[in-house]
Structure formats: structure tokens, C-alpha cells
Amino acid sequence: MTGGADPDARARAAAAEGAYDAALVRRAQDGDAEGFDLLVRRHLSAAHAVARAVLGVREDAEDACQDAFVAALRHIEGCDPPEKFRAWFLTIVRNRSLDLRRRAQRRAAEPLADHDSVTAPNASPLRHAERAELRQRLGAAIERLTATQREVIVLHEVEGWTHPEIGAVLGIDAGTSRAHLFAARRALRRLLGVDDRGGRGRET
Amino acid sequence: MTGADDREMTRPDDGTPVDLAPLRAHSLDAACAPARWEQLVRRIDAAAAPELARRRNDALAAARTPGVVGVIARYATPMVAAAAAIAIAATALAVTAPSNASAGTLITDEVSVARALQVREPAATWLASDQGPSSGDIVSAVTGDGTP
């Protein structure tokens with residue numbers, strides 16, 4: 001995304017991004033596989049971030065992304081104007097993810113679980129186990145937040161999105177996103193047994 | 001996404017950040033997990049392939065279907081050719097028609113009309129003359145025998 005530059009430059013960059021998206025949308029409308037593939041590559045990371053913020057589980061987030069891309073292609077004429085593809089598509093991702101989450105609530109999903117080895121390959125077994133346990137605890141704590149708090153904190157703290165970007169996808173303003181982040185951090189500290197000074201109360 | 005700037009500018013009441021770094025390993029992007037990323041892209045492309053094929057076919061069919069101008073253009077040449085053929089035929093008929101009429105095929109004189117109507121000879125004779133029939137001619141024409 002764009003960031004750090006002056007507002008005019010950011011607006012120009014956003015317009016150029018939108019125009020490129022629109023061109024790819026038109027190619028996808030005509031069944032151009034390469035155009036669609038480029039669209040996927042441009043927006044997959046953001047889609048995955050949104051899906052994971054809702055679903056927690058990486059594999060489910062990947063399924064949601066696939067589902068959302070195919071659904072978006074089927075209804076791509078509804079993307080109007082095509083320059084706004086990103087916002088339109090991420091809304092589809094979020095809605096699909098929320099549907100999946102509701103359906104998945106019946107089964108015991110492992111929250112933000114580590115199904116692959118994501119620690120450094122040369123990490124010691126002890127370090128690996130510690131990180132896995134920490135991930136487990138964080139994941140379980142995040143699962144206990146409200147849906148919006150969970151989405152805001154994952155998109156902001158894990159994916160590095162700005163509040164305006166989060167607000168655009170969640171349909172809230174940036175200030176509300178900040179408020180949710182504040183509440184989510186406070187709740188997480190409480191759930192993880194971390195005191196207000198940032199220390200971890202339960203650890204020795 | 002560039003959340004770093006935003007994170008640095010968070011308001012004091014955002015609260016103390018909780019370190020969620022261990023979860024960042026689960027982010028999906030081409031740089032961090034290229035194999036997994038590529039695999040997912042291919043999966044999505046494969047899932048979308050039938051819909052893309054349908055759209056390609058629709059686009060091709062639409063390209064083959066001409067619009068109103070195309071339809072007119074398609075029939076313009078045969079229509080012009082047909083009009084020219086009709087004009088030539090009509091001209092040919094107009095040129096040859098007077099000679100046909102003079103050949104005597106048309107029945108125009110009164111005697112021929114009387115014969116065509118199978119009127120008997122005496123009646124045909126007074127029909128051919130410019131004089132009115134006598135009472136005997138009328139009786140002869142009505143009764144059909146040649147005598148008054």
C-alpha cells in the first residue's frame with residue numbers, strides 16, 4: 001500500500017493502482033486467465049490477512065481466499081466502478097470468512113495454530129516448543145476477543161495495516177478502529193496475564 | 001501494507017501494544033512463504049478456470065454476433081444485386097411489351113369479344129355494326145335460333 005508520501009502523491013498512486021485494477025477486472029470479465037492471475041497476485045496477501053483476522057486458522061483463511069476469488073469472478077460485473085476492486089473484493093473476503101467462521105464454530109478449530117514449522121530452521125527444540133506454546137496462548141486469547149477487536153488487532157498488529165485501511169474493510173472509521181485496538185490490547189493483556197507495564201505476570 | 005508508520009503514530013490511549021510477533025509468521029506473502037503462496041495462487045487459478053472458460057466463450061460468441069449495422073451491411077450487397085436484377089427485368093419487359101400487343105394476342109375488337117362470349121353469329125354481326133339491333137335481332141339473340 002501507499003504510505004509515508006505526501007497526500008497528493010498518495011492520491012496519484014492510489015488512482016494509478018485503481019486504474020490498473022480496473023484494466024485487470026475488464027480482462028477477467030472477458031475470461032482472460034492471465035489478467036485474473038495478476039488480480040489474484042495483487043490482492044492475495046490482503047485477502048489472506050482479512051480472512052485470517054476473522055478465521056484465525058491459516059488453512060481456513062486460504063480456503064476463504066479461494067472461495068472469495070471465485071465468487072468475485074462470478075459476480076465481477078457487480079464491481080462498479082472497477083477502480084474500487086480492492087475494497088469491493090476485501091468486503092467479499094470478509095463476508096465469506098464470517099460465513100465460514102459461523103459454520104466452523106461447530107467443530108473445534110485450533111485457533112491461530114501452527115500447522116507448519118514457522119520457526120527458524122536452526123532453532124533449538126526448546127526454543128521451538130516455547131514459540132509454539134506462545135503462539136498457542138496468543139491464538140487462544142485472540143479467539144476470546146470480540147469479532148471486531150480480533151479483526152482490528154490482527155490486521156493492525158500482525159499484518160501491519162493502518163487504521164484507515166482497516167476501517168475501509170470493516171466499514172468503520174479510523175477512530176473507531178483505534179478504539180477497538182485499544183480495547184483489544186487491554187483485553188489481551190488481561191487474558192495473557194500481562195500487567196499494564198508490559199511485563200508478563202505469569203512468567204518467571 | 002504500511003502499518004509501521006501508523007503504529008508509531010498511535011495515540012497514547014491506544015494502550016500498550018501486546019507483542020504478537022509470533023503470529024506474524026502466519027502472514028502469507030510471496031516473499032515470506034513463496035512456495036505456499038504460489039501453491040495457493042495456482043489453486044485459486046484452477047478453481048476459477050471453468051468460470052474463466054465460460055466467460056471466454058461468451059466473449060467470443062458476442063464478438064461473432066453482429067450488431068444492427070452489421071446485419072444491414074451483411075444484407076446490403078444481395079439487396080442491391082436483387083434490385084438491379086429487378087430493374088433490368090422490368091426494363092426488358094417494357095421494351096418487349098409493345099411488340100407482343102401488336103401480334104394480336106389481345107382481344108380488342110367487338111367481334112372478337114362477341115365470339116369470346118360465344119354469342120351467336122347474327123348477334124355478333126349487329127354487335128359489330130354501329131347500328132342498333134332490330135326486334136328480330138333481339139329475339140334471335142335470346143332464343144338462339146338464327147331466325148326471327
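These numbers come from the heavy atoms of this one structure, side chains and all, not from hydrogens, waters or symmetry mates. Each chain gets a letter, A, B and so on, in the order its sequence line appears, and its residues count up from 1.
Of the atoms belonging to B/Glu38, it is side-chain heavy atoms, and not backbone ones, that fall under 4.5 Å from chain A. For A/Ala33, the parts lying near chain B are the backbone and the side chain together; criterion is any non-hydrogen pair under 4.5 Å. With a threshold of 4.5 angstrom between heavy atoms, A/Leu39 does not approach chain B through any atom at all. With a 4.5 angstrom heavy-atom cutoff, A/Asp67 does not touch chain B via any of its atoms.
Ion pairing between A/Arg42 and A/Asp21 holds under the 4.0 Å rule for side-chain N and carboxylate O. No salt bridge links A/Glu62 with A/Arg52; every basic N to acidic carboxylate O contact stays at or beyond 4.0 Å.
Interface residues of residues 49-56 of chain B toward chain A, defined by a heavy-atom distance below 4.5 Å and sorted by number: B/Glu51, B/Leu52, B/Arg55, B/Arg56.
Of all heavy-atom pairs spanning A/Leu55 and A/Ala64, the tightest one is CD1-CB, 3.7 Å.
For the pair A/Val152 and A/Thr148, the minimum side-chain heavy-atom distance is below 4.5 Å. Looking at heavy atoms from C-beta onward, A/Ile92 lies out of side-chain contact with A/Phe69 at the 4.5 angstrom threshold. Using a 4.5 Å heavy-atom threshold, the side chains of A/Arg27 and A/Leu24 count as touching.
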Practice problem: Apply ring-ring contact (aromatic ring centres under 6.0 Å, His included) to A/His43 and A/Phe85, showing your working. | Solution: CA-CA 10 Å; A/His43 299 291; A/Phe85 174 80; 5.2 Å; yes
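Qualifying side-chain contact (heavy atoms from CB on, under 4.5 Å) partners for B/Asp45, counting only residues two or more places apart in sequence or in other chains: A/Phe36, A/Asp37, A/Val40, B/Val41.
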